[in-house]
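In what follows, chains carry the letters A, B, and so on, assigned in the order in which the sequence lines appear, proteins first and then strands, with residues in each chain numbered from 1. For clarity, every value in this text was computed on a predicted model and none was experimentally measured.
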2 protein chains.
Amino acid sequence: MPNNQFKKGELYSFITGKASTAIGRRLQKNFKQAGVEITIEQWSVLYHLWKVDGMSQQQLCDATFRDKPSITRLVDNLEKLKLVKRNASKEDRRKNLIVLTPEGKELEEHCMEIANNTLNEALQGVTNGQVEIAKEVLQMVYDNLK
Amino acid sequence: MPNNQFKKGELYSFITGKASTAIGRRLQKNFKQAGVEITIEQWSVLYHLWKVDGMSQQQLCDATFRDKPSITRLVDNLEKLKLVKRNASKEDRRKNLIVLTPEGKELEEHCMEIANNTLNEALQGVTNGQVEIAKEVLQMVYDNLK
DNA sequence: GGCATATAGTTGTTTATGCAACTAAACAAA
DNA sequence: TTTGTTTAGTTGCATAAACAACTATATGCC
């Protein structure tokens, strides 16, 4: 950006993330309507475990961009829901490996379908090219600041 | 979107808003370093009051995309900080008009400078064209779902 | 081996969010 | 005027976020 002045409208929306708030809220609503009783934050943890089961909490922090206390509490609640278990690591006694239960595994297909449909809803009328560019911008922002 | 399938990576980032989380976190850090003792959520309310002083709480809900209880509590805390006051509306006794105090007004310039610099930081290496397209996509997403 | 530093996870605290439920005021229809 | 419906704001509740501080474990250096 050669010129360092933004119109105020851009400033606000970029900072507050209204679009992702709207997606998150819609996804939560769609989960609820479909009888899926997890929060979107819990989903965001399960999402990574479905891809790689048995991650450490620190790995979940990195993957979900949250801090350690937040992950501790999210995992607490997922344990309560019997969707995950903490297994002490054999190689490093500080580490817990978070593993999916059978119920946790079972949720994947249904949740991912709902999430997929929600994103389709959100991106109605947006072209593939626009999505690609938006992705690039958001990735650059994230890389600039993480 | 003719084809309703996304790669999983896109799915996750769009839904969770990692980029705006990163911006928000950086802005909070920059406020703190500059000795500005407000949260970014409080800033988002002040932002609208700096543009239009004396808004009702419902108007702030619409402007900031939050629900009524959230605004009630944000305004509570801003009152505690003596940055705003609630004035009962003369035309409609249900309504509070939220007005800036002199201290609240005084914060504008410094806060907006910090916010501006933070967004510049975030958008390093992004072209004007890319920003424009990203904005359009995010606006469409928001309009599709709000 | 001992000590300094780094790391994983937990606890405390404060702020925030959004759904549900409620009260009071305003508006619309009969 | 009365009644039914809508609207503005508040309270309750559960979940979440992140900073600070802490404990226990692991790593690196002398």
| field | Basic-acidic side-chain contact under 4.0 Å: A:D76, A:R86 | value | yes
| query | Starting at CZ of B:R93 and ending at C1' of C:dA24, how long is that distance when rounded to a whole Å? | reply | 9 Å
| task | Using modelled atom types only, decide if a donor and an acceptor are shared between the side chain of B:S89 and the backbone of B:K95 within a distance under 3.5 Å. | result | no
| message | Students often get this wrong, so: under 4.0 angstrom with heavy atoms, is A:Q42 touching a base, only sugar-phosphate, or nothing? | response | sugar-phosphate
| For DNA chain C, the residues among residues 61-82 of chain A that have a non-hydrogen atom under 4.0 Å from it | A:K68, A:P69, A:T72, A:R73
| message | Quiz question: by atom type and distance under 3.5 Å, do the side chains of A:N117 and A:E113 form a donor-acceptor pair? | response | no
| Pairwise 5' ranking along DNA chain C for B:T39 and A:N96, keeping only the more 5' one | A:N96
| said: Could you check whether A:R26 makes a cation-pi contact with A:F31, meaning its NZ or CZ is under 6.0 Å from the centre of the six-membered ring and within 45° of the ring axis? | reply: no
| According to a 4.5 Å side-chain heavy-atom criterion applied to Ile, Leu, Val, Met, Phe, Trp and Tyr, with indirect links allowed, do B:Y142 and B:L60 form part of one hydrophobic cluster? | no
| query | Does a side-chain N or O from A:Q58 land closer than 4.0 Å to OP1 or OP2 of C:dA8, or not? | reply | yes
| When all nucleic acid strands are considered with a 4.0 Å heavy-atom cut-off, which category describes A:K32: base, sugar-phosphate, or nothing? | sugar-phosphate
| field | Bounds of contact between DNA chain D and chain B, in 5' to 3' order, using a heavy-atom cut-off under 4.0 Å | value | D:dT7 to D:dA20
| said: Checking A:T21 against B:R66: is there a side-chain donor and acceptor pair closer than 3.5 Å? | reply: no
| query | Using a cut-off of less than 4.0 Å, is there contact between a side-chain N or O of A:Q28 and OP1 or OP2 of C:dT17? | reply | no
| note | When rounded to whole Å, the CZ to C1' distance for the pair A:F31 and C:dC19 reads 17 Å
| query | Are any of A:R86's side-chain N or O atoms less than 4.0 Å away from OP1 or OP2 of C:dT10? | reply | yes
| query | Starting at CZ of A:R25 and ending at C1' of C:dC19, how long is that distance when rounded to a whole Å? | reply | 11 Å
| message | Could you check whether B:D67 and B:S70, counting side-chain N and O atoms only, form a donor-acceptor pair closer than 3.5 Å? | response | yes
| said: What is the distance, to the nearest angstrom, from the NZ atom on A:K29 to the C1' atom on C:dC19? | reply: 13 Å
| query | Around A:Q33, counting heavy atoms of other residues, nucleotides and ligands shown, do more than 12 lie under 6.0 Å from its CD? | reply | yes
| When the distance from NZ of A:K95 to C1' of C:dT7 is rounded to whole Å, what number comes out? | 9 Å
| message | Which is more 5' along DNA chain D, the nucleotide nearest B:L97 or the one nearest A:R94? Just name the residue. | response | B:L97
| task | Look at B:E79 together with B:K85 and state whether they make a salt bridge at an N to O cut-off of under 4.0 Å. | result | no
